Amino acid sequence: MEKAAQTFQVAALSRTLHDLRSEDFQVAGIPGTEVSDTVYDTGMTSGPGREIYDEIMDGRDEDLCPMCRHTEVTELDHVLPKKAFPALCVAPDNLVGVCEFCNGIKGDITATDARKVLLHPHFESAATERWLEAAAVPGEAGILRYFVTAPSHWEAEFADRVRYQFNFLKLSMRYSSKANQTLAGMRQHLANQLESNRAAGLRAHLESLASSHRADDPNGWAGVAYSAWAADDAFCQGSFIRSS
């Protein structure tokens, strides 16, 4: 299992996780399901290894799921499924704290296409560069559509992976839902801003909110939402105000 963990780390660093094969990560003489049930489920989550489980959960830098940047972390995910890759069932590099939604979508899927490998939070990130954008849907009172705009200097494969992860985890829908909930609670405030300061003043207010949010997270759904609303002329002229 230690050798398997080392092999996994090398593959993660070289972005070749898709080349790893299940048959190379079995424990001789023991079925994969038995290994994962005994070593991980009984030994780690509810046995003497629980303190290691808790250390991995508590060792995160942030509370939000690193896969979606949307929901709080609630459980550990196996990057490569524990039943298909039993020798990796307790390898720390194969364990990532995620939210229940992302873990549920991911399930036991194993990507064999390099362009469909989800980003491994321990080894790679797209967080420092701006790639997430949104636009107001015409005639929909401020409802947003989110999408990926990859920086031109990104490698094509990395850009494909970010787009795939965005679509696979249904982030456009999830972010739009959050933005719509936020807007619902701000409509009166924004209407007051428009009445007091006109369209230019409302735009400046939205740009200020966007700048503050994006300073913390360039690709956070909230900062992107305020940027999109500020950029939309119809929104700044009051399209967000619903008729009675």
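Just so it is clear, the structure is predicted and the values come from calculations on it, not from any experiment. One is the number of the first residue; the rest follow in order along the sequence.
Under a 3.5 Å cut-off, the side chain of Gln26 and the backbone N or O of Ser22 do form a donor-acceptor pair. Here the side chain of Thr38 pairs a donor or acceptor atom with the backbone of Glu34 at under 3.5 angstrom. Of the possible polar contacts, one joining the Arg21 side chain to the His18 backbone as a donor-acceptor pair under 3.5 Å is found. In terms of modelled atom types and a separation under 3.5 Å, the side chain of Ser176 and the main chain of Met173 share no donor-acceptor contact. Not one N or O on the side chain of Ser212 forms a donor-acceptor pair closer than 3.5 Å with the backbone of Ser208. The backbone N or O of Leu132 sits less than 3.5 Å from a side-chain atom of Asn219, completing a donor-acceptor pair. A donor-acceptor pair is defined here as one N or O able to donate and one able to accept, closer than 3.5 Å; no such pair exists between the side chain of Asp63 and the backbone of Glu72. The closest donor-acceptor contact from the side chain of Asn197 to the backbone of Leu202 lies at 3.5 Å or more, if one exists at all. Distance alone, capped at 3.5 Å, is enough to place a donor-acceptor pair between the His122 side chain and the Leu95 backbone.
Between Leu17 and Val79 the shortest side-chain heavy-atom distance falls below 4.5 Å. Counting heavy atoms from C-beta on, the side chains of Met67 and Phe168 never come closer than 4.5 Å. Taking the side chain as every heavy atom from C-beta outward, Ile56 and Ile52 approach each other to under 4.5 Å. No side-chain heavy atom of Gln237 sits under 4.5 Å from any side-chain heavy atom of Arg203. Residues His70 and Cys99 are not in side-chain contact: their nearest non-hydrogen atoms beyond the backbone lie 4.5 Å or more apart. In this structure, Tyr164 and Leu119 have side chains that are not in contact, with every pair of non-hydrogen atoms separated by 4.5 Å or more. Using a 4.5 Å heavy-atom cutoff, the side chains of Met1 and Cys89 are in contact. With contacts defined as side-chain heavy-atom distances shorter than 4.5 Å, the pair Thr45/Arg50 qualifies.
Within a 6.0 Å sphere centred on CD of Glu23, other residues, nucleotides and ligands contribute more than 12 heavy atoms. For Lys170, the NZ atom is loosely surrounded, since the number of other residues' heavy atoms within 6.0 Å does not exceed 12. Remark: Gln188 CD is loosely packed, at most 12 non-hydrogen atoms of other residues, nucleotides or ligands lying under 6.0 Å away.
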- Does the side chain to side chain contact (heavy atoms under 4.5 Å, CB included) test come out yes or no for His205 and His189, once each step is laid out? CA-CA 11 Å; His205 179 62; His189 169 72; 3.0 Å; yes

- Task: Decide yes or no on side chain to side chain contact (heavy atoms under 4.5 Å, CB included) for Tyr175 and Arg69, but give the supporting numbers first.
- Result: CA-CA 10 Å; Tyr175 291 167; Arg69 302 288 304 149; 4.1 Å; yes

- Any chance you could lay out the side chain to side chain contact (heavy atoms under 4.5 Å, CB included) test for Arg174 and Lys178, step after step, and finish with the verdict? CA-CA 6 Å; Arg174 296 166 71 187; Lys178 277 286 192 181; over 6 Å; no

- Message: With salt bridge (charged side-chain N to carboxylate O under 4.0 Å, His left out) as the criterion, how do Glu124 and Arg161 come out once you've worked through the C-alpha distance, each side chain's angles and the decisive distance to 0.1 Å?
- Response: CA-CA 12 Å; Glu124 52 193 343; Arg161 290 174 63 200; 2.6 Å; yes

- Task: Verify side chain to side chain contact (heavy atoms under 4.5 Å, CB included) between Phe123 and Gln9, making sure each step is shown before the conclusion.
- Result: CA-CA 9 Å; Phe123 296 95; Gln9 184 182 74; 4.1 Å; yes

- Apply the test side-chain hydrogen bond (donor to acceptor under 3.5 Å, both in side chains) to residues Glu207 and Ser211: give CA-CA distance (whole Å), side-chain angles for both, the deciding distance (0.1 Å), then the verdict. CA-CA 6 Å; Glu207 288 173 343; Ser211 177; over 6 Å; no

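Using bins of under 30°, 30° to 60° and over 60° for the plane-to-plane angle, the ring pair Trp229/Phe235 lands in the parallel bin. Taking the six-membered ring for Trp and thresholds of 30 and 60 degrees, Tyr40 and Tyr53 have ring planes inclined between 30 and 60 degrees apart.
Side-chain atoms of Arg214 and Ser227 form a donor-acceptor pair, as typed in the model, at a separation below 3.5 Å.
Placement of Ile143 and Trp221 in two distinct hydrophobic clusters is found when ILVMFWY residues are connected by side-chain heavy-atom separations under 4.5 Å, directly or transitively. The hydrophobic cluster containing Leu20 also contains Leu118, counting ILVMFWY residues as joined when their side-chain heavy atoms lie under 4.5 angstrom apart, directly or transitively. Taking hydrophobic clusters as Ile, Leu, Val, Met, Phe, Trp and Tyr residues chained together by side-chain heavy-atom distances below 4.5 Å, Ile241 shares a cluster with Leu183. Linking ILVMFWY residues whenever their side-chain heavy atoms come closer than 4.5 Å, directly or via other members, leaves Val162 and Phe147 in distinct clusters. Val148 and Val137 fall into different hydrophobic clusters, defined by Ile, Leu, Val, Met, Phe, Trp and Tyr side-chain heavy atoms under 4.5 Å apart, directly or through other members.
Rounding to the nearest 0.5 angstrom, the gap separating the CG atom in Leu209 from the NE2 atom in His213 is 6.0 Å. Distance check: Ser46 OG to Asp41 CG gives 7.5 Å after rounding to the nearest 0.5 Å. For the atom pair CD of Gln165 and NZ of Lys106, the computed distance is 10.5 Å after rounding to the nearest 0.5 Å. Note that the CG atom of Leu13 and the CZ atom of Arg15 stand 10.5 Å from one another [nearest 0.5 Å]. Taken from CG in Asp232 to OG in Ser239, the straight-line distance is 5.5 Å, to the nearest 0.5 Å. The CG atom of Asp93 lies 10.5 Å from the CD atom of Gln6; values are rounded to the nearest 0.5 Å.
Closest of all the heavy-atom pairs between Gly97 and Val73 is C-CG1, 3.6 Å. Here the shortest heavy-atom pairing between Asn103 and Leu76 reads ND2-O, 3.7 Å. Taking each heavy atom of Trp154 and Ala159 in turn, the nearest pair found is CE3-CA, 3.9 Å. Residues Cys236 and Leu194 share a closest heavy-atom pair of O-CD1, 3.2 Å. Nearest heavy-atom pair, Ala134 versus Ala228, reported as atom, atom and distance to 0.1 Å: O-CB, 3.3 Å. Closest non-hydrogen pair, Leu169 versus Cys102, comes out as CD1-SG, 3.9 Å.
In this structure, His78 has its ring center at least 6.0 angstrom away from the ring center of Phe85. Taking the centre of each ring, Phe158 and His153 stay at or above the 6.0 Å mark.
Salt bridge Asp160/Arg163: present, at least one basic N to carboxylate O contact under 4.0 Å. With salt bridges taken as basic N to acidic carboxylate O contacts below 4.0 Å, none links Glu195 and Arg198. Classification of Asp108 and Lys83 as a salt-bridged pair fails, no side-chain N sitting under 4.0 Å from a carboxylate O.
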